[in-house]
Structures are given as structure tokens and as C-alpha cells.
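Structure first, then comments.
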Amino acid sequence: MAAAKATGVAAAATSAVFRSNQELTRLARSGQLAAARRLFDEMPHRNTVSYNAMLSALARHGRLADARRLFDEIPRRNLVSWNAMIAACSDHGRVADARELFDAMPARDDFSWTLMVSCYARAGELKLARETLDRIPGKKCTACYNAMISGYAKNGRFDDAVTLLREMPAPDIVSWNSVLVGLTRNEKIVRAAQFFDEMPQRDMVSWNLMLEGYVRAGDLNAAAGLFERVPSPNVVSWVTLLNGYCRAGRIGEARELFDRMPERNVVSWNVMLGGYLRLSHMDEAYRLFSEMPDKNSISWTTMISALVRAGKLQEAKDMLNKMPFDSFAAKTALMHGYLQSKMIDDARHIFDALEVRDAVCWNTMISGYVHCGMLDEAMVLFQQMPNKDMVSWNTLIAGYAQDGQMRKAVGIFRKMNQRNAVSWNSVISGFVQNGLCFEALQYFLLMRRDAKMADWSTYASCLSACADLAALQVGRQFHSLLVRSGYISDSFAGNSLISAYAKCGRILEARQIFDEMAGQDIVSWNALIDGYASNGRGTEAISVFREMEANGVRPDEVTFVGVLSACSHAGLIDEGLRFFNSMTKEYSLQPVAEHYACMVDLLGRAGRLSEAFKLVQGMQIQPNAGVWGALLGACRVHKNDELAQFAAEKLFELEPRKTSNYVLLSNISAESGKWDAAENMRTLIKERGVHKPPGLAGST
DNA sequence: TATGCGTAGT
């Protein structure tokens, strides 16, 4: 009697656990992690299945560390617990951790082997994946062959994939589809179509993959034709074609298809929404969003990201607050938006509230501080960051370098255990930008000794250093290094050579490089025009501009900086004014501060100071230091003390720490006999603690 | 009821 009662109680408890486990899985699968966790914590009895379900739920939501903690707490781990933990590591790209678990587990089944093969294959470690497959004792399951085939195919090794497909004992539809997906994702559409025709069996996945292949190849007609032949298209087939029309901007046809769909799910709605948002059809998007029968976190994120991109940060924030989900993507999108608008406090607010932060997130916030010139804050955050990656270090180095603090940049660089090309290039280009060209070249030599990782960017910086030093012979050496390294065929390299030769006064050699280039791009033309302009050959610069137009290359903003400065150097006032006007009228380019600086310089040289000043006052954008500097320079030549004083004040506001501005104004005062003013200026320099930027003496 | 290989949306 008592025994029967006890058995009954135990059975009731078991079925209660069973039911709770079902609910736990349901919550986890519908994305309700917090609710799942609450249920799990409140369960009076848990079995291994409960732990395994919770572990997978945590892993699926990016909480790898929590999943691992739970794994370590499981009282009676079974094979599924080990497999689930390996899957979690694999999904997060933690190959070494997966391998460690795999080696430590007490027994292995088909799942374990398939997971390990898949883990290596997804990490691109095809050799290790194959070794694992070959090590499987006894009969291998179909899934593990398929994992290997998928690995080969996704990495473009189609022959290996097909060979294994032929060798395996019992290929199934997944095996065939695994090859097909490799072909379609790698844009091998012709071979994919051929393979598709030869497949002994096809299911909906095969048809949908082929559809996707045509969409990716941009062949919407072929996709639509195939769609007509799909025996009974399912919602994925419809969505694939719909997405094709949306991505191609063919929104009318997309909407027609959407309206014709026999069944729509949240994905169909999201694709249609994305189509409108891609084209900035905000009204349509809002209408669709309000009509959606259900919205998931992707629907909200799509909408919020679009608002962020459109610069509507307040609307994006309001929407984020209304969102009933917790979406990392939506929050980080808004954070990005804030950082781009330099709203650093709002960005930091989101960052601090994030429950999970990945390296990208930390690096974004750090580079946000750098972007706002708040280097101390960037450094503090960098020091707090738990797992710094190369990007974190490089961001900080570039930040200090661009701020002129080369001593700090180098200090951080030297603390790095490992460096990549970006680390070296940040330091080298930092030296060049700060006028420390010898140091740049010195570091190039160190880089060659440490590792041969120089790329076109390295050479571009070094060539620029040579140009600034007018070190023609060293420049020629870089030219030959560039030839030997093979980067010469890169248009970036060719363009930096053009600039270097031009800056060394060798405009003919610059022209020769230009003529020998395989394909001149807009940057090449700009470099040549600027080269002629800075060599005082304004007329020739303008004729290169004409040549460029004749070649059908459309000038951009940079082109006009070169052209306007050419006019300025050559004293072609009316020509310059005409170009400045044609920029907006003919080419719909909005002038930026640099163009205004050129125009001020142009008018200033001709003594037309009041016109220059009027131009500055009429600017649609805030004049920068270059503009005021140009005006100040012109005032000096033409002895206009009053305007000089005004321009200088503006300049001091913008660049309070730049000595040369103070010196320039002091000289203007002195030249016009105002010795008191000159003396005052020198005192001001001392008072404001303005000093020359520190060099690197002693730190290398 | 929990873990593996192939298809759609940020």
C-alpha cells in the first residue's frame, strides 16, 4: 500500500517535471529567455533534461558563459549534456573549447562526432574536420558525412564535396542539398543549375536553394521562371523571390507578389518592410508595420535601424522603448547612431544597460570616444574591457595618433603581445600625419624585421613620408619595393606613387605612373590634378581636368579641391569662380569647408578681401580652421588688421592649442607696427600654455 | 521533453 502510494507520488512528480520541461523548451524556442530562466529557477524538481534544455536556451541567446556555468552545475550529466555544451561552443566559434570538451567526455555518439566535424568545418578548419571524420570508429552516420560535405562546399571546394558525396554509403537529400548550397552561396550559378538538373531527388529545400541562387546572381527573370516550375511553392519560396524584388528595388513587383502570397508569416512581412525601408519609403513602412499581425524582434530591429540610418534618433529611441523584446541588435544600432552624431552620453547609457556585451560592442564604444576626441575616456574603457582583441588595441593607437599624441600611441603599440598590419600601419601613418616622417620610415624598417606584413597602406604612408621629406631617392626605393611586392597592380599603390612623385616635384614621373596604370580611377585623376596644382602648374591641372571629363570620369568633391587650388595658384580668379559655381549647378556637389578655403585663398590672393569675407559669412556650413586660416593669411598679405583680428579670434576658438596661429597674428601686428599687440600675443601664448606638440624623442 | 548535417527576414 505504502509502496504503491510512493510509486504514485513519484510518477506524479515525474509527469510534473515532464510538463515543466515541455514548457521550458517552448519558452526558449519562442525567444522568451527570461521567462524560461524564471521557470527553471522555480521548478521544485529538475532532471537532466531540464538542465539540458536550459543550457541550450542560454547558448542560443548568446549567453555562452552562463551556459558553461550551468553545465558545470548539472548533478548527473548525460551524453546530451556534453553534446549540447559542445554545440554551444561550436555556435560561438570556440573551437578549442569544443575540442577540449569532446576529448574529455566519457563516451561519444553520432551527435558528438557530427558536432565536432561541423565545428571544424564551420571554422574553415577543413583538414581537422576531415581528420575527425576519418577517426570515427565503426559505421559513420549520414549526418557527419553531410557536415563534412557542407564544409567543403561552403568553402568553395566543390570537387572534394562531390567526391565525398559519391564515396559515402547512403547519401540522402541533405547530402545533395549541402553541395547545392555551396554552389549557390559561392555564386556558381551555372554549375549550380547543372547540379540541380542532375540531382536524383529534390525537395522543397533544393528548389528554394536554386531560387536563392538566381536571386543572388541578380537574375530575377530566371528566379521568377523557376518559381513557376516549383511543384508547390512554400512560404520560403515566396519569401525568397519577394526578397529578390525588394533587394533589386523593384518594390512595385514585390508588393504585387506579397499581395498574391497564399500564406504570410512574420518573415514575409519583415521582408516587405525591409523593402520599403531600403528605399526610404517611410510612410509605406509605417503603415505596413502597424498592419503586421505579429512582430518579432527582427521586425522592430529593422524599423529601428532604418530610423537610425535616417538620422531620426528620437523616433528610434521611442520605438526601442516601446519594443516588447530585448534586442541586442536594435540597442547597438541606436548606440551606433548616437555615436555617429557624437551623442556620447546617450550611447554610453545604452552600453551600460546592455546585459551582454561582445567585443564589437566594446570596440564600438571605445571608437566612439575616440571619434569624439575623448581619449582619456576611451583609455579607461579599454582598460575595463575583459577580452581585448586586436581591434581594441588598434582603435586606441589610431586615436592617439590622430590626436597628435604619438608618444602614447607608440606606448600602447609597444605593449601589444601580437600586432597585425593595421597596428603597424596606424603607427606609421600616425607619424606621417604628425609630420614625423623619419620615425615613420624607421618603423617601416622595424616592421620588415618583425614580420613581413607591409601592404598597400603601409607603402602609401611611407611614400607620403618620402614626399613630405622630398626624399626622392628613398621614394624610388619604395617604388621598386612596391613593384616587387606585387601591390603595384593595386590602384591604391599607383595613386600614392602619383602623389609622391608629384610632391617631390617630379610631375612628369607622376604623369608617367598615371599613364602606365592599368585602370585609372577617380583618385588617380585627383592625385594628378592636385599634383599639377601644387607644382604651380595651374593651367595644366585644368587641362587634366578637361581630359578627365573627356574620358567620361565624373569629378567628385576632391577633384574640385584640386581644381580650385590650381586656379588659386595660377591666379585664375574668374576661372575659379566659374568652377566653384559649376560644382553645384552642373555636378550637384555640395561644397565643403575645403572648397571655401580654396575660394578664400583665391579671392584673398587677388586682394578681394571683402568678397572673400562675404563668401565665408554666406557659408551654409560652419567654417573650419582652414577657411579662417586662409582669410588670415590673405589679411597678412594685404595688411587688413581688423579682419585679421576677427579671423584670428575664430581660429583661436577652433584651435586653441595651435601655436602657429598665434605666431601668425603676432607677426601681422608686428608688421603693421603694433608692437604692443604683438607682445600681448606672445604673452597669451604663454598664458594659454600653448606648446608645440611633443615629438617622440626618447620613446623609441 | 534536451543535442547533429541542407532553405527565407536585421
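Reminder, nothing fancy here: chain letters follow the sequence lines and each chain counts from 1. Excluded from the calculations below are hydrogen atoms, water molecules and symmetry mates; all remaining heavy atoms, backbone and side chain alike, are included. All figures in this text were calculated on a predicted structure; none of them were measured in a lab.
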Original post:
Looking at B:dG6, does its base get a donor-acceptor pair with the side chain of A:D203 below 3.5 Å?
Top reply: yes
Original post:
Is any N or O donor-acceptor pair between the side chain of A:T114 and the base of B:dG4 shorter than 3.5 Å?
Top reply: yes
Heavy-atom contacts under 4.0 Å between [range] and DNA chain B, which residues?
range                       : value
residues 78-91 of chain A   : A:N78, A:V80, A:N83
residues 254-270 of chain A : A:N265, A:V266, A:V267, A:N270
residues 288-306 of chain A : A:N296, A:I298, A:T301, A:T302

Within the structure, does a side-chain N or O atom of [X] lie under 4.0 Å from either OP1 or OP2 of [N]?
X      : N     : result
A:R122 : B:dC5 : yes
A:R60  : B:dT3 : yes
A:K154 : B:dC5 : no

Residue pair [X] / [Y], side-chain heavy-atom distance below 4.5 Å:
X      : Y      : answer
A:S299 : A:M303 : no
A:E212 : A:R185 : yes
A:V162 : A:R157 : no

Starting at [atom1] of [X] and ending at [atom2] of [N], how long is that distance when rounded to a whole Å?
X      : N      : atom1 : atom2 : result
A:M54  : B:dT3  : CE    : P     : 13 Å
A:I149 : B:dG4  : CD1   : P     : 19 Å
A:N208 : B:dG9  : CG    : P     : 12 Å
A:N146 : B:dG4  : CG    : C1'   : 10 Å
A:F325 : B:dT10 : CZ    : P     : 17 Å
A:W113 : B:dG4  : CH2   : P     : 18 Å
A:M43  : B:dT1  : CE    : P     : 15 Å
A:Y120 : B:dG4  : OH    : C1'   : 16 Å

So [X], base contact, sugar-phosphate only, or nothing? Heavy-atom distance under 4.0 Å.
X      : result
A:R309 : nothing
A:R26  : nothing
A:V49  : base
A:C144 : nothing
A:R29  : sugar-phosphate
A:R108 : nothing

[X]-[Y] aromatic ring centre distance below 6.0 Å:
X      : Y      : value
A:W362 : A:F382 : no
A:W269 : A:F289 : no
A:F71  : A:W82  : yes
A:F227 : A:W207 : no

Original post:
Can we say A:E131 and A:K127 salt-bridge, meaning some charged N sits less than 4.0 Å from an Asp/Glu carboxylate O?
Top reply: yes
Original post:
Taking 4.0 angstrom as the limit, do A:R69 and A:D66 come out as a salt bridge?
Top reply: yes
Subject >> Closest heavy-atom pair and its distance - A:A36, A:L24 >> reply: O-CD1, 3.3 Å
Subject >> Nearest atoms (heavy-atom pairs only) where A:M319 meets A:Y286 >> reply: CE-CE2, 4.2 Å
**OP:** Apply the test salt bridge (charged side-chain N to carboxylate O under 4.0 Å, His left out) to residues A:E256 and A:R260: give CA-CA distance (whole Å), side-chain angles for both, the deciding distance (0.1 Å), then the verdict.
**Re:** CA-CA 6 Å; A:E256 234 169 80; A:R260 265 173 49 209; 5.4 Å; no
Subject >> Donor-acceptor pair between A:R255 and A:Y276 side chains, under 3.5 angstrom >> reply: yes
Give the nucleotide from the list [options] with an atom nearest to the side chain of [X].
X      : options             : answer
A:T25  : B:dT1, B:dA8, B:dC5 : B:dT1
A:A53  : B:dA2, B:dC5, B:dG6 : B:dA2
A:S150 : B:dC5, B:dG4, B:dT7 : B:dC5

